[in-house]
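Below is one structure; the comments refer to it alone.
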Amino acid sequence: MKYHLLLALSALLFPLTGAEVKPLIDASKDTVNTYFHFKDKGQNAEPGECEGRKALLIEYNRTEAPHCEAALSVPGRPLSVGPFKKAVLELEVYIPEEAGITYISFRILDRDEEFLNVWATIPAETRGWKTYRIPVDNTKTLSGWGGKIQNKTVDFPARLYGFSLDFRDRAGTGWIGLGKITIAVEE
């Protein structure tokens, strides 16, 4: 009887959404390797803290490069995504006043080596820890480039390749804190 009551109570408090959530990166636990495209232009990443939470601190110089871009990896764990028709990338990120970014984009690399790009808009007044939910609708045309076959859809197997940050202006330096990245397959 107690067991059934507990099950009923947990179903009310924690309803199942039907989406399978897969952790990709947790900067509070994982060793995250970064490979910057503009490392010689003042882009770097190292473990640190933002408001008492562990994060991967990503630093950049907005005057030296048009944007910040890096590939990501976690030793011993592929950052595979899918298969899916629809999914949601969820990102926990710390945005300080000096971030100076307009978008955070994520790059998915598919089996044909095509890069697919999805992004979240970062309003200028954004500060502190925020969670962004970025839909990936593989039934529609996505933004993409490169690869052997360019069909602007994710062909599986695929993996999270990395990210880019688009700058609000080309003046000064900035940084953000990367917390967690997950993907929830909806269909």
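For the single chain, residues carry numbers from 1 onward in sequence order.
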query = Any donor-acceptor pair under 3.5 Å linking the side chain of D110 with the backbone of D112?
reply = yes
ask   = Distance only, no hydrogens: is a donor on one side chain within 3.5 Å (strictly under) of an acceptor on the other, for W145 and Q150?
value = no
request  = Flag the pair F84 / F156 as yes when at least one side-chain heavy-atom distance between them is below 4.5 Å, and no otherwise.
outcome  = yes
message = Please check this pair: side chain of Q43 against backbone of H67, looking for a donor-acceptor N/O pair closer than 3.5 Å.
response = yes
pair I104-T121: side-chain heavy atoms closer than 4.5 Å = no
message = I want to check something: taking the side chain as every heavy atom from C-beta on, are C68 and F163 in contact at a cut-off of under 4.5 Å?
response = yes
ask   = Looking at E187, K140, E186, which one forms a side-chain contact (heavy atoms from CB on, under 4.5 Å) with K85?
value = E187
message = Any carboxylate oxygen within less than 4.0 angstrom of a Lys/Arg side-chain nitrogen, looking at K130 and E92?
response = no
message = Can a donor-acceptor pair be found, under 3.5 Å and without considering hydrogens, that links the side chain of W129 to the backbone of C50?
response = yes
key: Within 6.0 Å of CD in E49, more than 12 heavy atoms from elsewhere   = yes
query = Is L116 reachable from V118 through a run of hydrophobic residues whose side-chain heavy atoms are each under 4.5 Å from the next?
reply = yes
R107 side chain reached by E69 side chain, heavy atoms, under 4.5 Å = yes
ask   = Between the side chains of K39 and N44, is a donor N or O closer than 3.5 angstrom to an acceptor N or O?
value = yes
query = With a 4.5 Å heavy-atom cut-off, do L142 and V154 have their side chains touching?
reply = yes
key: Side chain to side chain, L165 and I176, heavy atoms closer than 4.5 Å   = yes
query = Any chain of hydrophobic side-chain contacts (each under 4.5 Å) joining L24 to V74?
reply = yes
inquiry  = Would you compute the distance between atom CD of E125 and atom CD of E97 and round it to the nearest 0.5 angstrom?
reply    = 12.0 Å
message = Is it true that T173 and R62 share a donor-acceptor pair across their side chains at a distance under 3.5 Å?
response = no
ask   = When rounded to the nearest 0.5 angstrom, what is the spacing between CG in L91 and CZ in R133?
value = 12.0 Å
message = When you compare the side chain of F167 with that of Y60, does any pair of heavy atoms fall below 4.5 Å?
response = yes
inquiry  = If the threshold is 4.0 Å, N to carboxylate O, is there a salt bridge linking D30 and R77?
reply    = yes
